[in-house]
Amino acid sequence: MAHRKDEPRIQTEAQSAPKPEGGAPPTPEERIAKLEEELRLKTEEASTNRDLYLRAVADAENFRKRLQKDKGDAIRFANETLLRDLLHVVDNLELAIEHAELGGNGKSVREGVELTLRLFRDVLERYGVKELSDPTGAAFDPSTQEAAEVQTHHELAPNTVIRQQIKGYRYNDRLLRPARVVVAGSPSPSDAEPGGDENGPIQ
């Protein structure tokens with residue numbers, strides 16, 4: 001009989017025990033709804049990122065095209081200032097020709113051409129073009145000179161510049177045009193024979 005009296009008491013304690021926190025687990029419908037909401041948010045995020053990517057690609061392409069246009073304009077009009085300065089040289093040459101046609105004497109025409117030449121040289125120097133020194137009498141330098149002709153010379157050592165035909169120019173630190181020169185060569189065997197004319201004309 002004692003055992004029967006205790007049984008209702010145990011059942012009452014079990015019924016009054018605290019329920020686990022969190023409540024009942026979500027139903028399948030609730031889980032599906034939650035997954036659908038997460039999918040919607042991820043889809044919106046992906047769409048936003050795609051729009052940002054396409055916009056960045058478009059901006060990069062526009063920037064590339066703008067750089068190409070600026071580069072093309074820079075190349076196309078790079079010599080604009082130089083050409084504008086050279087127009088003054090053309091003006092002076094035209095004035096010299098006009099003066100000659102009006103019956104001007106040779107001296108005034110020469111002075112006008114010399115003035116134009118000085119102006120032209122000033123323009124070249126202003127843009128970094130400088131004339132190389134005359135190499136006549138010095139040893140031939142292939143880095144700045146071009147041998148246009150080789151002549152036998154009895155007074156100069158072989159490989160010596162006899163005279164300059166065309167002047168050479170340097171543009172800043174770069175050779176713009178080598179000087180064309182005539183170079184002394186080694187005497188031919190016939191020139192060294194006894195009885196030969198040592199003071200013969202330069203060939």
Q) Would Thr144 and Arg170 count as a side-chain contact (heavy atoms from CB on, under 4.5 Å) if you check the C-alpha gap in whole Å, the side-chain angles of each, and the deciding distance to 0.1 Å? A) CA-CA 9 Å; Thr144 58; Arg170 186 181 299 277; 3.7 Å; yes
Q) After noting the C-alpha distance and the side-chain angles of Val123 and Leu82, does the key distance pass the side-chain contact (heavy atoms from CB on, under 4.5 Å) rule? A) CA-CA 8 Å; Val123 171; Leu82 171 61; 4.0 Å; yes
Q: Apply side-chain contact (heavy atoms from CB on, under 4.5 Å) to the pair Arg66 and Asp70, showing each step before the final yes or no.
A: CA-CA 6 Å; Arg66 186 164 58 252; Asp70 294 343; 3.9 Å; yes
Q: Output, in order, the C-alpha distance, side-chain angles, deciding distance and verdict of salt bridge (charged side-chain N to carboxylate O under 4.0 Å, His left out) for Glu125 and Arg121.
A: CA-CA 6 Å; Glu125 289 184 2; Arg121 285 174 175 168; over 6 Å; no
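Residues Leu124 and Leu176 are members of one and the same hydrophobic cluster, defined by side-chain heavy-atom contacts under 4.5 angstrom among Ile, Leu, Val, Met, Phe, Trp and Tyr. Cluster annotation: Leu86 is connected to Tyr171 through the hydrophobic network of ILVMFWY side chains, with a link wherever side-chain heavy atoms come within less than 4.5 Å. Under the 4.5 Å side-chain heavy-atom criterion for grouping Ile, Leu, Val, Met, Phe, Trp and Tyr, Phe140 is not connected to Leu156 through any hydrophobic cluster.
The CD atom of Glu114 lies 13.5 Å from the CG atom of Leu119; values are rounded to the nearest 0.5 Å. Asp134 contributes atom CG, which lies 12.0 Å from atom CZ of Arg163 (distance to the nearest 0.5 angstrom). Within the model, atoms CD of Glu155 and OG1 of Thr160 stand 12.0 Å from one another, a figure rounded to the nearest 0.5 Å. A distance of 8.0 Å separates CD1 in Ile162 from CD in Glu149, rounded to the nearest 0.5 Å. The distance from the CG atom of Asp141 to the CG atom of Asn159 is 9.5 Å, given to the nearest 0.5 Å.
Within 6.0 Å of the CZ atom in Arg174, the count of heavy atoms belonging to other residues, nucleotides or ligands does not exceed 12. Within a 6.0 Å radius of CZ in Arg31, no more than 12 heavy atoms belonging to other residues, nucleotides or ligands are found. Under a cut-off of 6.0 angstrom, the local environment of OH in Tyr127 is crowded, with over 12 non-hydrogen atoms contributed by other residues, nucleotides or ligands.
Counting heavy atoms from C-beta outward, Arg55 and Asp59 have side chains that approach closer than 4.5 Å.
Of the residues listed (Val89, Leu93, Leu115), the one engaging Phe120 in a side chain to side chain contact (heavy atoms under 4.5 Å, CB included) is Val89, and it is the only one. Ile32 pairs with exactly one of Glu30, Lys34, Glu36 by the side chain to side chain contact (heavy atoms under 4.5 Å, CB included) rule, that one being Glu36.
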For residues 41-54, which side-chain donor-acceptor pairs fall under 3.5 Å, sequence neighbours excluded?
{"unit_1": "Thr43", "atom_1": "OG1", "unit_2": "Leu39", "atom_2": "O", "d": "2.7"}
{"unit_1": "Glu44", "atom_1": "OE2", "unit_2": "Arg40", "atom_2": "NH1", "d": "2.7"}
{"unit_1": "Thr48", "atom_1": "OG1", "unit_2": "Glu44", "atom_2": "O", "d": "2.9"}
{"unit_1": "Asn49", "atom_1": "ND2", "unit_2": "Glu45", "atom_2": "O", "d": "3.3"}

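Scanning both residues, Ala157 and Ala184, for their nearest heavy atoms gives O-CB, 3.7 Å. Between Val161 and Pro135, the shortest heavy-atom contact is CB-O, 3.4 Å. When all heavy atoms of Gln145 and Ala139 are compared, the pair lying nearest together is OE1-O, 4.2 Å. Across Val181 and Gln164, no two heavy atoms sit closer than the pair CG1-CA, 4.2 Å. Residues Leu132 and Arg177 share a closest heavy-atom pair of CD1-O, 4.4 Å.
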